[in-house]
Amino acid sequence: MRAGRLASALLFLLLPLITLAFWLTGPHSAWASVLWTLPVWILVYIDNRSPPDRRQPPEQLPAWPFDLQIYALFALQIVNHVLLGVVVSRLHVDSWAGVLQALGMLIAVMVLTGTNAGYSGIVVAHEFVHRRNPIEFLLGRILLIGVLYEHFATEHVRGHHPRIGTLDDPATARFGESHRDFVRRTIPAQFKSAWQLEKVRLGDPQMRWYDPRMLRHRVLQGVVAEVAVLLGFAVYFGWLAAFFFFVQARTAVFLLETVNYIEHWGLSRSEKKVISTDSWDTENWFTLYTLVGLSRHADHHAQASRPYHKLRHFDETPKMPAGYYGTILLAMARNDRYRRYATAELQRKGLGPFRSGDSLPPS
């Protein structure tokens, strides 16, 4: 069983290596670039047909193979960032043929590279920023800078986790809230919350921007680093590469907030302590082994310090209609259908507005 789990976990390399192959063989023609997006749709197809995996992790499961896994993903993501700059710098948009080629590459960046950035960039960063080792926390911040969303390291750990399922948490989607409305609300609200959390950490909630302590403000540091990365791409690889880098980051952030949307939609805290039914999860086998344990999000919130390979399955949690790949696409493309399913699931489980004393009334 243990050997099977370790072998299955090798699926974590699938999307990063496909992305690496795309950049190593580029630049591509417009049509070839579009074809390179097919693996993403194939992953969605497999995810929608993947069987459940309800097995609990072995008690003595060694940590080192899984630590090696996220370090490998970190390295691959940095390499893919650099290759993006190198390959896009070879594009020439001084002719219609060049513009067409660049548009094809842009589509691939949005679908393939952006999706991989959401995984290797944000999902892996999420694992790192929850660890107590300061070096691993720094690695998480570096990955988040690579998607221009460094403040997530502050807001997620110190904002979202304590406030999950309350009206004070901008990352909890309200009952009935559409995907579009949630994204528009949550992105600025999370940045504002992270900014304020850092001022509180530094000792003064009313701190002015010119206060010397602001030099230690992590969110400000992140913003400066993100601007520096974009300018660096523009200087070393050209303005087009900087634009492509921005596009992959935008896709990754959009996917992240869609994940936030489906992980807590319509749920509200019934107890002071976070419990398993305060989060949605999925039993999907493919999601479990390709997204470093993200499918067992309920246990992650119940015990945030538990490493991803030790996350447990709970029967009582509300279940997504598919794995993360399929549910993300459903929430974005067929949001009315997603909300009907989610409402029925909450009603079946007696959660959210179907539980007395709910703090998140229907909108």
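- Side-chain atoms of S120 do not come within 3.5 Å of backbone N or O of A117 as any donor-acceptor pair.
- Note: H156 and H126 have perpendicular aromatic rings, judged against thresholds of 30 and 60 degrees for the angle between ring planes.
- The aromatic rings of Y261 and F182 sit tilted relative to each other, their planes meeting at an angle between 30° and 60°.
- The existence of a salt bridge linking E198 and R216 is excluded, since no basic side-chain nitrogen approaches an acidic carboxylate oxygen closer than 4.0 Å.
- Classification of the W265-Y338 ring pair by plane angle, with boundaries at 30° and 60°, yields perpendicular.
- Residues I78 and L17 share a single hydrophobic cluster, defined by chaining ILVMFWY side chains whose heavy atoms lie under 4.5 Å apart.
- Aromatic ring centroids of F233 and F246 lie 6.0 Å or more apart.
- Annotation for I328 and L255: closest pair CG2-CD2, 4.0 Å, computed over non-hydrogen atoms.
- When the side chains of ILVMFWY residues are joined at heavy-atom separations under 4.5 Å, either directly or via intervening members, F191 and I187 end up in two distinct hydrophobic clusters.
- Looking at R141, its side chain never comes within 3.5 Å of a backbone N or O of E150 through a donor-acceptor pair.
- In this structure a side-chain-to-backbone donor-acceptor pair under 3.5 Å is present from Y119 to F12.
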Next item on the list: Evaluate the criterion side chain to side chain donor-acceptor pair (under 3.5 Å) for residue pair T172 and R163; output intermediate values, then yes/no.
Entry: CA-CA 9 Å; T172 294; R163 302 169 182 167; over 6 Å; no

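- Side chain of H264 to backbone of D278: a donor-acceptor contact under 3.5 angstrom is found.
- Here the side chains of L220 and L215 are not in contact, with every heavy-atom distance at 4.5 Å or above.
- Ion pairing of D204 with K199 is absent here, as no side-chain N (NZ or NE/NH1/NH2) approaches a carboxylate O to less than 4.0 Å.
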Next item on the list: In sequence, state the C-alpha distance, the side-chain angles, and the governing distance for E263 and S279, and then conclude on side chain to side chain donor-acceptor pair (under 3.5 Å).
Entry: CA-CA 6 Å; E263 284 179 339; S279 304; over 6 Å; no

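- When every heavy atom of Q101 is checked against every heavy atom of P27, the shortest pair comes out as NE2-CB, 3.7 Å.
- Between R339 and D336, at least one side-chain N (NZ, or NE/NH1/NH2) sits under 4.0 Å from a carboxylate O, which counts as a salt bridge.
- Ring planes of F66 and Y308: perpendicular class, angle over 60° (limits at 30 and 60°).
- Remark: the backbone N or O of Y324 is not paired with any side-chain donor or acceptor of T327 at under 3.5 angstrom.
- Between the side chain of Q196 and the backbone N or O of P205, at least one donor-acceptor pair lies under 3.5 Å.
- Looking at T186, its side chain never comes within 3.5 Å of a backbone N or O of V183 through a donor-acceptor pair.
- Between Y149 and H151, the distance from one ring center to the other falls under 6.0 angstrom.
- Hydrophobic cluster membership is shared by Y325 and M110, with clusters built from Ile, Leu, Val, Met, Phe, Trp and Tyr side chains linked at under 4.5 angstrom.
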Next item on the list: Applying side chain to side chain donor-acceptor pair (under 3.5 Å), run through H179 and T258 and close with a yes or a no.
Entry: CA-CA 7 Å; H179 176 258; T258 305; 2.8 Å; yes

Notebook entry, point to check: Would N116 and T113 satisfy side chain to side chain donor-acceptor pair (under 3.5 Å), going step by step from the backbone distance to the final call?
Noted result: CA-CA 5 Å; N116 181 65; T113 306; over 6 Å; no

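- We find that R312 and D299 are joined by a salt bridge, their nearest charged nitrogen and carboxylate oxygen being less than 4.0 Å apart.
- Between D67 and R131 a salt bridge is recorded (basic side-chain N to carboxylate O distance below 4.0 Å).
- A continuous path of Ile, Leu, Val, Met, Phe, Trp and Tyr side chains, each step under 4.5 Å between heavy atoms, connects L288 with V44, placing both in one hydrophobic cluster.
- Not one N or O on the side chain of N48 forms a donor-acceptor pair closer than 3.5 Å with the backbone of Y45.
- In this structure, H81 and F245 have tilted ring planes: the angle between them lies in the 30° to 60° band.
- Enclosure of atom CE in M214 by more than 12 non-hydrogen atoms of other residues, nucleotides or ligands within 6.0 angstrom is indicated.
- At least one donor-acceptor pair closer than 3.5 Å links the side chain of T290 to the backbone N or O of F286.
- Using cut-offs of 30° and 60° on the angle between ring planes, the pair H301 and H297 is perpendicular.
- Annotation: R337, atom CZ; neighbour count of heavy atoms from other residues, nucleotides and ligands within 6.0 Å does not exceed 12.
- Aromatic ring centres of F128 and Y71: separated by under 6.0 Å.
- Hydrophobic clustering of Ile, Leu, Val, Met, Phe, Trp and Tyr side chains at less than 4.5 Å, counting indirect connections, unites V86 with L76.
- The aromatic rings of F22 and W36 lie perpendicular to each other, with more than 60° between the two planes, well past the 30° mark.
- Distance alone, capped at 3.5 Å, places no donor-acceptor pair between the T287 side chain and the N284 backbone.
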